[in-house]
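The structure appears below as structure tokens.
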Amino acid sequence: MRVVVVGQGYVGLPLAIRAAEVGHEVIGYDVDSRRVKSLSAGESFVEDVSSERIRTALDSGAYRASESARDCGGFDVAVVTVPTPLHEGTPDLRYIKESAVTLARYLRPGATVVLESTTYPGTTQELFAPILEDGSGLTAGRDFHLGYSPERIDPGNAVWGFKETPKVVSGVDAASLEAVQDFYAGLVDTTVPVSSPKEAELAKLLENTFRHVNIALVNEIAMFAHHLDIDVWQAIDAASTKPFGFMRFTPGPGVGGHCLPIDPSYLSWRVQRELGQSFRFVELANDINSHMPEYVARRIGDLFNERRRSVNGSRILLLGLAYKKNTGDARESPALRISQLLLDMGAQVKAADPHVVEGLPVDTRLVRVEPTAQELAAADVVVLLADHDSFDYELVAEHARFVLDCRRRLPSGPTIEVL
């Protein structure tokens, strides 16, 4: 089939390359000309998709990246994987709308359109479908198939990749569900059908709200435990030995990526707008997790105060700018906020991250360096924010004067303090 994947980011690129590998003719459509140029040269910016896989797909003729909307023409299946950010607490669906307008021009009877972008329940049928119908003159369910299948990409996960992760699928009617399920069944090991797009949309928000709330819980417990002089990590280890009724979550410097800082707020917004009620769990989790960077900055300040030093004029080295280990994904990363807070306090801040590429939108005062023995020794405090496996932790422990370990990756010692 001719497949168009709209958006070639962390979600769209793995899908597009996988579709090409199983034999589809794939157009990876993206309005970012620099991204298209890079992909056309066989260069990947996503850890889960190697440059070799892209070059193989390009050489076979099964995949082509394009910034021209005309290349979307003639599709049998189109999948939309565009960003859905928040703007002042309100869902920003302009990229979904723009994608629908573009696809509507080329929509043909019998074709299938799938939305994957995370959004609030009702988007597929109440927003996406009308735009497709108005622009094409066709009717969803009668003339073309329409469904929703939430993305479940976990950057850097070596076990649960795109193929291995079960795919939730839905359609606006039985025929649409069948078409959507048949398409994904050729790409992944397992599909999970649900009765309508609303259930699929809610499933995605439920998954991430669950994580968001539980991370907030352990983050708040970690803050209280520190003031009560209790080792929260040891308590978590002990609780994790229970074989039922407990799921392990660990503290950190905050949440990042597209999902946790944003997705639960979509559900909260929908509940407030449609029911006039507050989603208190989400609002509380947002408050706790969004303020973790400030807590980390305060802990760093406390370390200097205990030594009768000032943050102003100090040298601080941050290890990790990505929001999670072993990825170059720095979207909404707490490290960016932490670096800004420390810079505003007068510190000389440097950062090391082998995964995050240059061009990251960080404070221009932040200096990028390699985590050499000299840089580690020169810093008054080293702060571990993303525990990439590529960091040499023995080197850190040997040369750093003092470390605030926000991931409990380093061995305990007199010069190492955990979050």
Side-chain angles (χ1 to χ4, degrees), residues 219-234 250-254 256 288-323 325 330 333-354 356 360 362-388 391-419:
N219 276 338
E220 188 163 40
I221 289 175
M223 289 187 280
F224 291 146
H226 174 70
H227 292 297
L228 294 172
D229 196 25
I230 301 171
D231 187 340
V232 68
W233 295 90
Q234 189 177 152
T250 55
I288 294 170
N289 287 334
S290 65
H291 284 92
M292 283 305 292
E294 282 79 1
Y295 174 70
V296 172
R298 288 199 301 273
R299 284 285 295 273
I300 294 170
D302 290 343
L303 293 176
F304 281 100
N305 289 337
E306 290 167 5
R307 290 157 182 76
R308 297 186 177 182
R309 297 278 305 278
S310 172
V311 174
N312 188 9
S314 66
R315 290 173 291 187
I316 299 175
L317 175 61
L318 307 180
L319 296 182
L321 289 172
Y323 83 91
K325 66 184 292 186
S333 173
L336 307 183
R337 176 62 178 157
I338 291 169
S339 66
Q340 185 179 51
L341 290 168
L342 295 173
L343 287 164
D344 290 344
M345 294 166 67
Q348 301 173 29
V349 184
K350 297 183 179 181
D353 195 310
V356 177
L360 181 71
V362 297
D363 195 304
T364 55
R365 296 171 292 174
L366 181 67
V367 178
R368 298 287 296 273
V369 298
E370 296 295 322
T372 62
Q374 291 76 17
E375 290 290 351
L376 291 164
D380 295 304
V381 171
V382 174
V383 186
L384 179 61
L385 297 175
D387 53 332
H388 298 314
F391 285 140
D392 186 338
Y393 294 102
E394 291 185 1
L395 192 72
V396 175
E398 179 182 355
H399 293 281
R401 302 185 207 175
F402 202 89
V403 180
L404 176 60
D405 183 356
C406 296
R407 302 292 184 177
R408 200 181 65 160
R409 182 64 184 258
L410 290 155
S412 60
T415 61
I416 297 174
E417 182 172 310
V418 295
L419 187 64

Mind checking the NE2-CD spacing from H399 to Q374? Nearest 0.5 Å is all I need.
7.5 Å

Would you name the heavy atoms of L317 and A379 that are closest together and state the gap between them?
CB-CB, 3.8 Å

Value rounded to 0.5 Å, distance of CG in L410 from OG1 in T415:
9.0 Å

Between CD on residue E370 and NZ on residue K350, distance to nearest 0.5 Å:
12.0 Å

Could you state the interatomic distance from OG (S310) to CE (M345), rounded to the nearest 0.5 Å?
8.0 Å

For the side chain of R309 and the backbone of L303, is there at least one donor-acceptor N/O pair under 3.5 Å apart?
no

Checking R409 against F391: charged group under 6.0 Å from the ring centre and within 45 degrees of the axis?
no

Consider side-chain contact (heavy atoms from CB on, under 4.5 Å). Of I221, N219, L419, T250, which one does V232 pass it with?
I221

pair P354-H388: side-chain heavy atoms closer than 4.5 Å:
yes

Please determine whether side-chain contact (heavy atoms from CB on, under 4.5 Å) holds for the pair F304 and I316, giving the CA-CA distance in whole Å, both sets of side-chain angles, and the decisive distance to 0.1 Å.
CA-CA 11 Å; F304 281 100; I316 299 175; 4.1 Å; yes

With L404, the side-chain contact (heavy atoms from CB on, under 4.5 Å) member among V418, I300, L384, V382
I300

Any non-hydrogen side-chain atom of V403 less than 4.5 Å from a side-chain atom of L319?
no

Report the residues that fulfil side chain to side chain donor-acceptor pair (under 3.5 Å) with E294, sequence neighbours left out, ordered by chain and then residue number.
R337

Give the minimum heavy-atom separation between P334 and P293, together with the two atoms involved.
CB-CG, 3.9 Å

Are the side chains of D380 and R401 in touch, meaning some heavy atoms are under 4.5 Å apart?
yes

Indicate yes or no for a side-chain donor-acceptor contact from D353 to the backbone of A322 under 3.5 Å, with no hydrogens or angles considered.
yes

Drop me the distance from I338's CD1 to L385's CG, to the nearest 0.5 angstrom.
4.5 Å

Is V311 close to S314 at the side-chain level, that is, under 4.5 Å between some pair of heavy atoms?
yes

Would a 4.5 Å heavy-atom cut-off, applied to side chains only, mark I288 and M223 as touching?
yes

Are any non-hydrogen side-chain atoms of P411 and Y393 less than 4.5 angstrom apart?
no

I'd like to check R407 versus P253 (side-chain heavy atoms, cut-off strictly below 4.5 Å). Are they in contact?
yes

Got a sec: does the CD of E306 have more than 12 other heavy atoms crowding it under 6.0 Å?
yes

Rounded to the nearest 0.5 Å, how far apart are CG of L395 and CD of E398?
6.5 Å

Answer yes or no: is there a side-chain heavy-atom contact under 4.5 Å between H226 and Y295?
yes

